[in-house]
Amino acid sequence: MKILGIESSCDETAASVVEDGIHVLSNVVASQIDEHRLYGGVVPEIASRRHAENIDWVVKEALAKAGTTLDDIDAVAVTFAPGLIGALLVGISYAKGVCLSTGKPLIPVHHIAGHIAANYITHEDLKPPYLCLVISGGHSHIVEVLDYTKYRVVGRTRDDAAGECFDKVARTIGFFYPGGKYIDEAAQRGNADAFKFPHPKVTGSEYDFSFSGLKTAVINLVHNKAQKGEELSQDNISASFQKTVCEILTQKTMLAAKDLNAKTLAVAGGVSANSGVRAAFKKECEKAGIRLYLPELRYCGDNAAMIACQGYYDFKAGKVAALDLNGVATMSLDEISI
Ligand code: KG4
Ligand code: ZN
């Protein structure tokens, strides 16, 4: 079964053709980052406009690269939630147009479910149930993946997402948006013990995250040193900050894995591309005897292959939308579990 996936929830216009939820025949991503970088973050109005300009050629290129046409496509999967509403609506409207004109089924896919599914593309042997840490620019969740379309969120961030924290710290120390990858590079040159940053205290749930205190600690350090006219090493701050994020992520996730008796852990989302995060989870999972799955780097960030892949499982579970499908800016994974 060939599914055309469409993703436009933030600043990437993406389309992909995936066969049987695993064989990626094409994966086209048009990034708008260079433009948003001028403003230090994603400008929703600009994002919507660029999606509208790019969506048609991105889909056509995905079909051409897959050596297929709409006639050979069995269904269209589109990200419908969560995300920037104007951005989501571009992909949804396009997908609805394709389905209306061809009579193909429309599959609404949750963006976070898509990130989780990125691991199925790379690892044929990964099957639910397992625990998944989803760390992206907008979300930080520990999720029990009960089945391909059934989830239980056991931990979430109370404030900033992990990627958001990376990006804000990066901006403070002088990197371009989105700065996660620059911190990653600088951290490899720096001394991770140069600074000691706080771990958050989160009351109520042992599995919930909080990153705003860590972000503030780094910002305060940078301002403090600047006021004294002292030089700060970007490399050392990056390494110390990244080490702290890795400790927080691994401590919470490994605790959840132990308590829930999970034998398999997957990590997903843009921040799962981070070399420190990947190394930290490899080490901890080896110690705990837990099987670890990490997505290929090209499927960590936003892409449409993950949407087509999850669309395959949603379709098999009977999740097909009518042509009045709307976008939803905020929606928890718990709400789509069936
Ligand atoms: O999943 P994603 O592409 O978009 C959302 O759904 O939010 O994640 C984007 C986030 C950004 O915050 C970006 O800085 C971060 O992923 N990111 C990284 C790395 N590559 C991307 N963070 C740390 N290290 C990286 N290597
Ligand atoms: Zn994403």
Side-chain angles (χ1 to χ4, degrees), residues 5-14 16 27 29-33 36-37 40-42 44 47 78-84 87-88 91 109-119 132-141 143 156-157 160-173 175-190 209 211 214-215 218 237-239 241-246 248-249 266-281 294-307 309-310 329-331 333:
I6 296 177
E7 154 66 39
S8 69
S9 66
C10 190
D11 57 351
E12 257 101 30
T13 319
S16 167
N27 186 33
V29 182
S31 175
Q32 310 171 359
I33 278 178
H36 295 294
R37 179 168 287 154
V42 177
V78 65
T79 306
F80 81 105
L84 300 171
L88 284 168
V109 175
H110 190 284
H111 184 75
I112 305 301
H115 273 302
I116 294 171
N119 271 297
C132 186
L133 170 70
V134 187
I135 33 178
S136 70
H139 301 86
S140 299
H141 285 347
V143 182
R156 47 169 46 95
T157 183
D160 291 356
E164 200 177 349
C165 187
F166 264 99
D167 295 341
K168 287 177 178 166
V169 164
R171 188 164 62 187
T172 306
I173 62 175
F175 291 129
F176 285 127
Y177 173 85
K181 71 170 182 187
Y182 302 116
I183 291 202
D184 193 350
E185 284 161 17
Q188 292 171 40
R189 299 185 294 262
F209 298 106
F211 289 105
L214 170 61
K215 171 192 70 185
V218 180
I237 295 194
S238 297
F241 163 74
Q242 186 170 295
K243 178 186 166 200
T244 311
V245 173
C246 291
I248 295 167
L249 292 174
V267 186
V271 183
S272 67
N274 184 272
S275 60
V277 169
R278 292 172 90 92
F281 274 101
L294 297 166
E296 269 173 75
L297 291 183
R298 64 187 153 151
Y299 300 130
C300 291
D302 288 348
N303 66 88
M306 68 185 197
I307 301 303
C309 174
Q310 181 56 34
T330 310
M331 181 185 268
L333 264 183

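All ligand and atom numbering here is 1-based and tracks the order in the structure.
- In this structure, Gln242 has no heavy atom closer than 4.0 Å to ligand 1.
- At a heavy-atom distance under 4.0 Å, atoms from both the backbone and the side chain of Asp302 approach ligand 1.
- The main-chain N or O of Ser275 is found under 3.5 Å from a side-chain atom of Asp184 such that the two form a donor-acceptor pair.
- At a heavy-atom cutoff of 4.0 Å, ligand 1 is contacted by the side chain of Asp167 but not by its backbone.
- Put simply, part of Gly138 is less than 4.0 Å from ligand 1, judged by heavy atoms.
- The closest approach between His139 and ligand 1 stays at or above 4.0 Å for every heavy atom of the residue.
- Below 4.0 Å from some heavy atom of His115 lie the following atoms of ligand 1, by number and element: 1 (O), 6 (O).
- Residue Gly163 has at least one nitrogen or oxygen atom sitting less than 3.5 Å from a nitrogen or oxygen atom of ligand 1, judged on distance alone.
- Between the side chain of His36 and the backbone N or O of Pro178 there is no donor-acceptor pair closer than 3.5 Å.
- Checked by atom type, the side-chain pair Glu7/His111 shows a donor-acceptor distance below 3.5 Å.
- Across all their heavy atoms, Ser8 and Gly91 have their closest contact at OG-N, 3.1 Å.
- Evaluation of the side chain to side chain donor-acceptor pair (under 3.5 Å) rule for Asp160 yields Lys215 as partners, not counting sequence neighbours.
- Atom 22 (N) of ligand 1 has its closest protein heavy atom at Gly180 CA, 3.4 Å.
- Relative ring orientation between Phe209 and Phe211 is described as parallel, the plane-to-plane angle staying below 30° on a 0-90° scale split at 30° and 60°.
- Scanning the protein heavy atoms around atom 26 (N) of ligand 1, the nearest turns out to be Asp184 OD2, 2.9 Å.
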Could you go step by step and tell me if Val29 and Asp302 meet the side-chain contact (heavy atoms from CB on, under 4.5 Å) rule? CA-CA 8 Å; Val29 182; Asp302 288 348; over 6 Å; no

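- Taking a cut-off of under 4.0 Å to the non-hydrogen atoms of Gly301, the atoms of ligand 1 that pass are 3 (O).
- The protein atom (non-hydrogen) at minimum distance from atom 7 (O) of ligand 1 is Gly137 N, 2.8 Å.
- Remark: Ser31 engages Glu12 in a side chain to side chain donor-acceptor pair (under 3.5 Å) (not counting sequence neighbours).
- Remark: ligand 1 and Glu12 share no N or O pair separated by less than 3.5 Å (distance only, no angle test).
- Within the 4.5 Å cutoff, the side chain of Phe175 has no heavy atoms near those of the Lys181 side chain.
- Checking only distances, Gly269 never comes within under 3.5 Å of ligand 1, N or O to N or O.
- In this structure a side-chain-to-backbone donor-acceptor pair under 3.5 Å is present from Ser140 to Ala162.
- Around the Zn ion (ligand 2), the protein N, O or S atoms found under 2.8 Å comprise His111 NE2, His115 NE2, Asp302 OD1.
- Taking a cut-off of under 4.0 Å to the non-hydrogen atoms of Pro178, the atoms of ligand 1 that pass are 14 (O).
- Between the side chain of Arg37 and the backbone N or O of Tyr177 there is at least one donor-acceptor pair closer than 3.5 Å.
- We find the CD-OG1 distance between Gln310 and Thr79 to be 10.5 Å, quoted to the nearest 0.5 Å.
- Given atom 24 (N) of ligand 1, the protein heavy atom at minimum distance is Asn274 ND2, 2.9 Å.
- Phe281 meets the ring pair (Phe, Tyr, Trp, His ring centres under 6.0 Å) test with no other residue; sequence neighbours excluded.
- Taking distance alone, with nitrogen or oxygen atoms compared against 3.5 Å, Gly270 approaches ligand 1 more closely than that limit.
- More than 12 heavy-atom neighbours from other residues, nucleotides or ligands sit within 6.0 angstrom of CZ on Arg278.
- In terms of polar-atom proximity, defined here as any N/O pair under 3.5 Å, His111 does make such a contact with ligand 1.
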